[in-house]
K.L.:
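Before we start, here is the structure in question, set down as structure tokens.
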Amino acid sequence: MCPMNSIHPSPGEPGFGTGASLFIDPRTCIDCGACADICPVDAAQPADQAAAEDIERNAAYFAEQEPLDAMDLDSWGEPSYQVWGGGPRRVLVVGAGPAGMYATRELLLRTTAEVTLVDRLEQVGGLVRYGVAPDHPSTKQIISSFERIVRHERVRWLPGTDAAELPDQFDAVIHAVGARRSRRLGIDGEDAACTAEDFVAWYNGRPDAQLLVELVGPRAVIVGNGNVALDVTRILLSDADRLDVPAEVRRTLAASGVKEVVLLGRRGPEEAAYTESALRELMAAAGDRVELRHHARPTAWTSEGLTLDDGTTIAAGNLFTAIGFEGTPVDGLPFDPERGIVPNVRGAVVGRPGHYVAGWIKRGARGGIGVNKACAQETVMTLVSSSRALVSPGS
């Protein structure tokens, strides 16, 4: 699961599968939380929650070892298995975010395929580049690995490209297009609010980003119970001069006058989607300027503030909505609007032989970077064991 292969002993290392413990190398860990999300016994913990003796044991394990180069872990030798035979085959991967990059990596490691990789943007990374908060630069280190993948001799990288415009025929198409459209609250005046999609894209400098509202202090309301809501809160209350953001963003944040944030959850804290470590980070940095409110149902947003279903109004200059993301239909593929995904069985699109999905468009907008790695692996395994019907991107 770990996108940086920071957990040891790993397969092939002495002690793998024989000891009672695994260890996380703090020198290569990017704090993405993938291990904590997947661990069935909650053994993967932030250092500030772990017992002192466990921290000491973890440090001792790596004391005499050089850190592995997490950006260069793949030898790109002969594929582990060659199920296609008969020479290279051609696969199109649509989307250069984490799911698309991990799918490309698996194809290179496990097959003899020639991979064409396209994305509407000019750089790889997707939500890692344009979704991770700028005060978490270590998490973005994985982009270096993605950039290495597109330089592989069997990868044809076509940035700024619409897959439907490609004339070539492919043996398979993997759609890893994500699910970046923000969900809607469905309240009066919501069009005057700012979605998490727009705000995060703006402060991360995504090329097509637009800030739809002016930042007005001294108070902002953020509706959401996940890590993105916490990210938006933290950025609004951060010292703008310390953030690695575009100059225009820095100037706007510094002049915004936002001094406090009401973080509003429509459900209770026990149903919060944010991680405990993310909440602790926020409260340590700006706890005295954050008000947590739960079981609050917004009904309208006006110049006076956010009105709740109990008749009260929270006075604020800005409303941000961060209640999750949803997928949008992909041309030529079936779509489940309730779940916001392309219907699939282990990544194989239902009713469309030769078409596959990976990432959020496959399973819904949930899970972090490392989850996309396992998700892409499953899709590629399904692909290599499925029929080889020739399809074109627009068919």
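Please read these numbers as outputs of a predicted model, since none were measured by experiment. What you see below is based on every heavy atom in this structure, not just the backbone, and it leaves out hydrogens, waters and symmetry mates.
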K.L.:
Any side-chain donor paired with an acceptor under 3.5 Å for N372 and R363?
P.N.:
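There is such a pair (donor and acceptor under 3.5 Å, judged by atom type) between the side chains of N372 and R363.
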
K.L.:
Write down the atom of S182, the atom of T195, and the distance for their closest heavy-atom approach.
P.N.:
OG-CB, 3.5 Å

K.L.:
Between I174 and I341, is there a shared hydrophobic cluster once you connect ILVMFWY residues whose side-chain heavy atoms come closer than 4.5 Å?
P.N.:
no

K.L.:
E106 side chain to A103 main-chain N or O, any donor-acceptor pair under 3.5 Å?
P.N.:
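The answer is no, because no donor-acceptor pair under 3.5 Å joins these two groups.
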
K.L.:
Filter on ring pair (Phe, Tyr, Trp, His ring centres under 6.0 Å), then keep only pairs touching residues 117-139, sequence neighbours left out; what's left?
P.N.:
none

K.L.:
Taking the basic N atoms (NZ, or NE/NH1/NH2) and the acidic carboxylate oxygens, is any pair closer than 4.0 Å for E276 and R280?
P.N.:
yes

K.L.:
Return yes if some donor-acceptor pair links the side-chain N/O of W360 with the main-chain N/O of R366 below 3.5 Å, else return no.
P.N.:
yes

K.L.:
Any luck finding a side-chain donor-acceptor pair between R89 and T111 under 3.5 Å?
P.N.:
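Note: R89 and T111 side chains miss the donor-acceptor criterion.
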
K.L.:
Regarding R234 and D135, does a basic nitrogen lie under 4.0 Å from an acidic carboxylate oxygen?
P.N.:
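A salt bridge links R234 with D135.
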
K.L.:
Report yes if the side chains of C194 and L319 come closer than 4.5 Å at any heavy-atom pair, otherwise no.
P.N.:
no

K.L.:
Less than 4.0 angstrom from a charged side-chain N to a carboxylate O is my criterion; do E326 and R183 meet it?
P.N.:
yes

K.L.:
Identify the heavy atoms of G347 and T379 that sit nearest to each other, and give their distance.
P.N.:
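Between these two residues, the closest heavy atoms are CA-OG1, 3.8 Å.
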
K.L.:
Grouping I, L, V, M, F, W and Y whenever their side-chain heavy atoms are under 4.5 Å apart, do M283 and V261 come out in a common cluster?
P.N.:
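Yes, M283 and V261 fall within the same hydrophobic cluster.
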
K.L.:
How about R156 and T116: does a side-chain donor come under 3.5 Å of a side-chain acceptor?
P.N.:
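Checked: R156/T116 side chains pair up, N/O donor to acceptor below 3.5 Å.
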
K.L.:
Any side-chain donor paired with an acceptor under 3.5 Å for T307 and T313?
P.N.:
yes

K.L.:
Anything under 30° is parallel, anything over 60° is perpendicular, the rest tilted; go ahead and classify F23 against Y61.
P.N.:
parallel

K.L.:
So, for P9 and L22, which heavy atoms are closest and what is the spacing to 0.1 Å?
P.N.:
O-CD2, 3.8 Å

K.L.:
Group every Ile, Leu, Val, Met, Phe, Trp and Tyr by side-chain heavy-atom contacts under 4.5 Å, then state whether V173 and F335 land in the same group.
P.N.:
yes

